[in-house]
Visitor: 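First the structure, which I've put down as structure tokens, then a few questions once you've had a look.
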Amino acid sequence: MIIQADFYHQNAASVARNLLGATLVRQLNGQRISGMIVETEAYTGLEDEASHAYRGRTLRNKPMWDTAGHSYLYLNYGVHWLLNVTCEADNHPAAVLLRAIEPLDGLSIMAHHRSDRPALEWTNGPGKLTIALALDGSLNMVDMTTTASNLWIERGQSIPDEDISVGPRVGLGKRISEQWLDAPLRWWITTNQYVSRSER
DNA sequence: ACGGAGATCTTCT
DNA sequence: GAAGATCTCCGTT
């Protein structure tokens, strides 16, 4: 059952928390590639110094102002595509970064995309999972609440609070204030093997 | 195990 | 000209 747009009409922190356990699905050449979301980060809005939206609207970050429930795929360090889902009320620039998934369907396809590395390294990071699922700019700004986009999220496991850890976001620069550097806006399933890193 | 460097696009100074 | 929501490879412990 696909998660509908009303789910994404809440603050980014709630969306990030509640996406844990859900199933990210990519349809590629009629094949289903999927995984359980095990790690997320929230980028909350204009006031969030770590967010691309902080310095205003540009060509790249335009999808963050897009309708909730759409994809925001951008090229990081000129090398890796990172997948976000837009959220909050429409026209409010917030998004949730999907940092890691646990593979479910399409295992042989993921292995191939990941050069037959060990399974634990297929999707345990935001840049890795986009390689495994063959996601790039061609899927930017698509509607993730319908199968027509070939990219959507389904309801999956319900993860209780006691199985979830919360902490600061990963990889942020030093130019932002401690308030936003330390803000607990990263969620992960505590014992899951596919989390990109267990602490920071 | 850990640390540094390179890859190379978008944005900002 | 430099930094960034990262990953990989290669060097040294």
Side-chain angles (χ1 to χ4, degrees), chain A residues 8 11-17 19-20 24 35 37-66 70-88 92-103 110-141 144 151 153 165-188 193-200:
Chain A
Y8 299 102
N11 62 67
S14 299
V15 172
R17 157 64 181 86
L19 279 179
L20 291 181
L24 175 66
I37 297 170
V38 300
E39 181 182 351
T40 58
E41 280 178 3
Y43 289 85
T44 65
L46 284 171
E47 73 289 346
D48 181 352
E49 296 176 31
S51 172
H52 288 166
Y54 180 63
R55 297 184 183 280
R57 190 167 170 152
T58 65
L59 189 59
R60 178 178 69 169
N61 68 22
K62 185 176 55 160
M64 296 187 79
W65 279 261
D66 204 348
H70 283 228
S71 62
Y72 169 36
L73 273 152
Y74 80 95
L75 194 56
N76 184 40
Y77 293 97
V79 181
H80 295 109
W81 291 99
L82 269 55
L83 173 64
N84 299 256
V85 192
T86 61
C87 53
E88 299 264 1
H92 178 117
V96 170
L97 171 68
L98 303 184
R99 290 193 52 90
I101 64 175
E102 175 179 330
M110 287 193 240
H112 181 244
H113 290 160
R114 296 290 294 132
S115 306
D116 291 312
R117 285 165 198 287
L120 283 170
E121 297 175 20
W122 291 349
T123 54
N124 63 333
K128 297 178 188 178
L129 75 87
T130 59
I131 300 172
L133 301 195
L135 299 173
D136 60 25
S138 66
L139 283 150
N140 192 22
M141 285 192 289
M144 292 183 68
L151 181 64
I153 299 176
S165 295
V166 186
R169 292 171 290 185
V170 173
L172 305 184
K174 270 295 182 187
R175 305 179 326 168
I176 69 179
S177 68
E178 286 195 5
Q179 177 196 348
W180 291 103
L181 257 187
D182 299 340
L185 291 171
R186 169 176 175 247
W187 285 260
W188 67 97
Q193 299 288 297
Y194 290 85
V195 168
S196 65
R197 50 182 95 173
S198 33
E199 278 299 341
R200 191 194 90 166

Visitor: Which nucleotide in the list dC7(C), dC12(B), dT11(B) gets nearest to the side chain of R60(A)?
Guide: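 When the side chain of R60(A) is considered, dT11(B) is the closest of dC7(C), dC12(B), dT11(B).
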Visitor: When we call it a touch if two heavy atoms are under 4.0 Å apart, what does L97(A) touch: a base, just sugar-phosphate, or nothing?
Guide: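 Counting heavy atoms under 4.0 Å across all strands, the contact made by L97(A) includes a base.
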Visitor: Could R99(A) and E41(A) be called an ion pair, given the rule that one side-chain N must be under 4.0 Å from one carboxylate O?
Guide: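 Yes, charged N to carboxylate O under 4.0 Å.
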Visitor: Taking the nucleotide of DNA chain B with the nearest heavy atom to each, does Y77(A) or H52(A) sit closer to the 5' end?
Guide: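 Looking at the nearest nucleotide for each, Y77(A) comes out on the 5' side.
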Visitor: Report the distance from atom CE of M64(A) to atom P of dA5(C), rounded to the nearest whole Å.
Guide: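 Rounding to the nearest Å, CE of M64(A) and P of dA5(C) are 11 Å apart.
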Visitor: If you measure from the Lys or Arg side-chain nitrogens to the Asp or Glu carboxylate oxygens, is any gap between E39(A) and R186(A) under 4.0 Å?
Guide: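 A salt bridge is present here (some side-chain N lies under 4.0 Å from a carboxylate O).
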Visitor: Tell me, do T86(A) and Y8(A) make a side-chain contact under 4.5 Å, heavy atoms counted?
Guide: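 Not in contact.
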Visitor: For the side chain of R114(A), counting heavy atoms from C-beta on, which of dC9(C), dC7(C), dT11(B) is nearest?
Guide: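 Given the options dC9(C), dC7(C), dT11(B), the side chain of R114(A) is closest to dC7(C).
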Visitor: dA5(C) pairs with which nucleotide, Watson-Crick or G-U wobble, both distances below 3.5 Å?
Guide: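 WC or wobble partner does not exist here.
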Visitor: I need the NZ-P distance between K62(A) and dT11(B), as an integer number of Å.
Guide: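 To the nearest whole Å, that distance equals 11 Å.
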Visitor: Can you tell me which nucleotide in dC7(C), dT6(C), dC9(B) comes closest to the side chain of R99(A)?
Guide: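 Closest nucleotide to the R99(A) side chain: dT6(C).
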Visitor: Between dT8(B), dA5(C), dT8(C), which nucleotide gets closest to the side-chain atoms of V79(A)?
Guide: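 For V79(A), the side-chain atoms sit closest to dT8(B).
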Visitor: How many Å lie between CZ on R55(A) and P on dA5(C), as a whole number?
Guide: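 In whole Å, dA5(C) P lies 10 Å from R55(A) CZ.
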Visitor: What interatomic distance, in whole Å, is found between P of dA5(C) and the corresponding atom of dC2(B)?
Guide: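 It comes out at 24 Å once rounded to the nearest Å.
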Visitor: Rounded to whole Å, how long is the line connecting atom CH2 of W81(A) with atom C1' of dA7(B)?
Guide: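 Result: 15 Å.
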Visitor: Is there a Watson-Crick or G-U wobble partner for dT8(B) with both distances under 3.5 Å, and which nucleotide is it?
Guide: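 Its partner is none (no Watson-Crick or G-U wobble pair with both distances under 3.5 Å).
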Visitor: Nearest whole angstrom, please: distance from the C1' of dT6(C) to the CG of N124(A).
Guide: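 Taking CG of N124(A) and C1' of dT6(C), I get 12 Å after rounding.
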Visitor: At less than 4.0 Å, is any side-chain N or O atom of K174(A) found next to OP1 or OP2 of dA3(C)? Yes or no.
Guide: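 For dA3(C), neither OP1 nor OP2 has a side-chain N or O of K174(A) closer than 4.0 Å.
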Visitor: Using heavy-atom distances to pick each residue's nearest nucleotide on DNA chain C, tell me which of R175(A) and H80(A) is more 5'.
Guide: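 Per heavy-atom nearest nucleotide, the more 5' residue is R175(A).
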Visitor: I'd like to know if R169(A) pairs up with D48(A) as an ion pair, taking the criterion as any Lys NZ or Arg NE/NH1/NH2 lying under 4.0 Å from an Asp or Glu carboxylate oxygen.
Guide: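 A salt bridge links R169(A) with D48(A).
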Visitor: With a 4.0 Å limit, can you tell me whether R117(A) has a side-chain N or O closer than that to the phosphate oxygens OP1/OP2 of dT8(C)?
Guide: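 Yes.
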Visitor: With a 4.0 Å cut-off on heavy atoms, is L59(A) in touch with a base, just the backbone sugar-phosphate, or nothing at all?
Guide: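 Sugar-phosphate contact only.
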Visitor: Expressed in whole Å, how much space separates the P atoms belonging to dG4(B) and dA3(C)?
Guide: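 Their P atoms lie roughly 16 Å apart.
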Visitor: Decide if atom CD of E47(A) counts as having more than 12 heavy atoms of other residues, nucleotides or ligands within a radius under 6.0 Å.
Guide: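 Counting neighbours around CD of E47(A), more than 12 heavy atoms of other residues, nucleotides or ligands fall under 6.0 Å, so yes.
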Visitor: Could you check how far CG of L75(A) sits from C1' of dA3(C), rounded to whole Å?
Guide: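 In whole Å, dA3(C) C1' lies 15 Å from L75(A) CG.
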Visitor: To the nearest angstrom, how far is L172(A) atom CG from dG4(C) atom P?
Guide: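 Between P of dG4(C) and CG of L172(A): 10 Å.
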Visitor: So what does G78(A) touch, heavy atoms closer than 4.0 Å: a base, only the sugar-phosphate, or nothing?
Guide: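 Here G78(A) touches the bases of the nucleic acid.
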Visitor: For a quick check of understanding: with a heavy-atom distance under 4.0 Å over all strands, which category does R57(A) fall into, base, sugar-phosphate or nothing?
Guide: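 Answer is nothing: R57(A) stays at 4.0 Å or more from every strand.
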Visitor: Measure the distance from CD on E41(A) to C1' on dT6(C) and round it to the nearest whole Å.
Guide: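 My rounded result for the distance is 12 Å.
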Visitor: Any idea which of dT11(B), dC9(B), dT8(C) is nearest the T58(A) side chain?
Guide: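 Output: dT11(B).
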Visitor: State which residue, out of L83(A), L82(A), T123(A), fulfils the side chain to side chain contact (heavy atoms under 4.5 Å, CB included) condition with L98(A).
Guide: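 Result: among L83(A), L82(A), T123(A), L83(A) is the only option passing the side chain to side chain contact (heavy atoms under 4.5 Å, CB included) with L98(A).
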